[in-house]
Amino acid sequence: ATRDAFVSVRKQAAASASSIYASFGASDLSCRLWLQVVLPLCLDAETSIQTKCRDSLLREFLGAVSSGTGGAFLALLDREPNFAVLLRRVMGTTKLTHSQLSRAAKVLQEGIKRLRSPREEAGFWVVLSEVVAKYPSLLRAEFARDKLEGLREYMAAPKTFVRVVQTLE
């Protein structure tokens with residue numbers, strides 16, 4: 001439905017994915033559906049669809065990440081590289097303000113500090129690297145220093161290591 005020729009079908013697909021997410025919360029299935037439908041439609045040629053999906057990006061995706069309930073999203077971004085690539089494209093073309101991203105940056109950095117294994121952190125780093133690419137000032141100096149000092153820990157988790165280096169550079 002996300003590639004359908006009819007604008008109305010694509011709009012309905014986005015509305016349905018958002019509705020399912022709203023109804024079932026941050027389950028693996030609803031987050032996967034949202035990422036598969038809404039994320040690509042953020043880049044749709046039709047501006048009304050872009051607007052609807054980018055509003056959903058703020059409300060559902062960044063809302064979940066900012067409130068600490070986005071674990072399913074973060075896990076999927078870690079496990080499915082195509083979602084991470086798509087998120088990069090969407091974040092690169094979406095106008096987001098410093099204040100819209102500051103809470104997410106804070107929650108992501110706190111989440112990374114709490115986790116014990118670099119493998120568990122990968123999804124957090126996927127989103128944090130995109131947030132920091134827009135507003136580098138959102139990366140706390142103390143957090144960056146601590147992660148640089150402990151960089152050796154990430155050698156066992158190459159995907160996470162790459163994200164850490166991208167974020168901190």
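Here, residue 1 is the first one in the sequence, and each next residue gets the next number. The basis for the numbers below is simple: all heavy atoms, side chains too, and nothing from hydrogens, waters or symmetry mates.
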Start with the C-alpha gap between Gln12 and Ser8, add the side-chain angles, then the distance that decides, and say whether side-chain hydrogen bond (donor to acceptor under 3.5 Å, both in side chains) holds.
CA-CA 6 Å; Gln12 185 57 52; Ser8 60; over 6 Å; no

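- Taking hydrophobic clusters as Ile, Leu, Val, Met, Phe, Trp and Tyr residues chained together by side-chain heavy-atom distances below 4.5 Å, Val162 does not share a cluster with Val127.
- Linking ILVMFWY residues whenever their side-chain heavy atoms come closer than 4.5 Å, directly or via other members, places Leu115 and Leu76 in the same cluster.
- In terms of hydrophobic clustering, with Ile, Leu, Val, Met, Phe, Trp and Tyr side chains grouped at heavy-atom distances under 4.5 Å, Leu108 and Leu148 are assigned to a common cluster.
- Sparse packing is recorded around NZ of Lys106, with 12 or fewer heavy atoms of other residues, nucleotides or ligands lying under 6.0 Å away.
- For the residue pair Cys53 and Ala14, the shortest heavy atom distance occurs at SG-CB, 3.6 Å.
- Ion pairing between Arg79 and Asp28 holds under the 4.0 Å rule for side-chain N and carboxylate O.
- At distances below 3.5 Å, at least one donor-acceptor pair connects side-chain atoms of Gln100 with backbone N or O atoms of Thr97.
- Note that the CD atom of Glu149 and the CD atom of Glu153 stand 10.5 Å from one another [nearest 0.5 Å].
- Atom OH of Tyr21 sits about 12.0 Å away from atom CG of Leu33, to the nearest 0.5 Å.
- At a threshold of 4.5 Å between non-hydrogen side-chain atoms, the residues Leu168 and Val164 count as touching.
- When the side chains of ILVMFWY residues are joined at heavy-atom separations under 4.5 Å, either directly or via intervening members, Leu77 and Leu58 end up in a single hydrophobic cluster.
- Using a 4.0 Å cut-off between charged side-chain N and carboxylate O, Glu80 and Arg32 make a salt bridge.
- In this structure the side chain of Tyr154 never reaches within 4.5 angstrom of the side chain of Val165, judged on heavy atoms.
- Ser99 and Ser102 form no side-chain donor-acceptor contact under 3.5 Å, judged by distance and modelled atom types alone.
- Using a cutoff of 4.0 Å between basic side-chain nitrogens and carboxylate oxygens, Arg163 and Glu130 are scored as salt-bridged.
- Under the 4.5 Å side-chain heavy-atom criterion for Ile, Leu, Val, Met, Phe, Trp and Tyr, Phe61 and Leu29 are members of distinct hydrophobic clusters.
- Only one option out of Phe124, Phe83, Trp34 pairs with Phe73 in a ring-ring contact (aromatic ring centres under 6.0 Å, His included); it is Trp34.
- Screening Lys52, Gln50, Arg10, Lys11 for a side-chain hydrogen bond (donor to acceptor under 3.5 Å, both in side chains) with Asp44, the sole residue that qualifies is Arg10.
- With contacts defined as side-chain heavy-atom distances shorter than 4.5 Å, the pair Ile49/Val7 qualifies.
- A 4.5 Å side-chain heavy-atom check between Thr93 and Leu43 finds at least one atom pair inside the cut-off.
- Note that CG of Leu101 and OG of Ser137 are 10.0 Å apart. Values are rounded to the nearest 0.5 Å.
- Side-chain contact check for Leu128 versus Leu138: every heavy-atom pair is 4.5 Å or farther apart.
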Ser48/Thr51 under side-chain hydrogen bond (donor to acceptor under 3.5 Å, both in side chains): CA gap, chis, key distance, verdict
CA-CA 5 Å; Ser48 64; Thr51 301; over 6 Å; no

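- For the atom pair His98 NE2 and Lys134 NZ, the distance stands at 12.5 Å (nearest 0.5 Å).
- To the nearest 0.5 angstrom, Gln109 atom CD is 7.5 Å from Trp125 atom CH2.
- The environment of Arg89 atom CZ is sparse: at most 12 non-hydrogen atoms of other residues, nucleotides or ligands sit within 6.0 angstrom.
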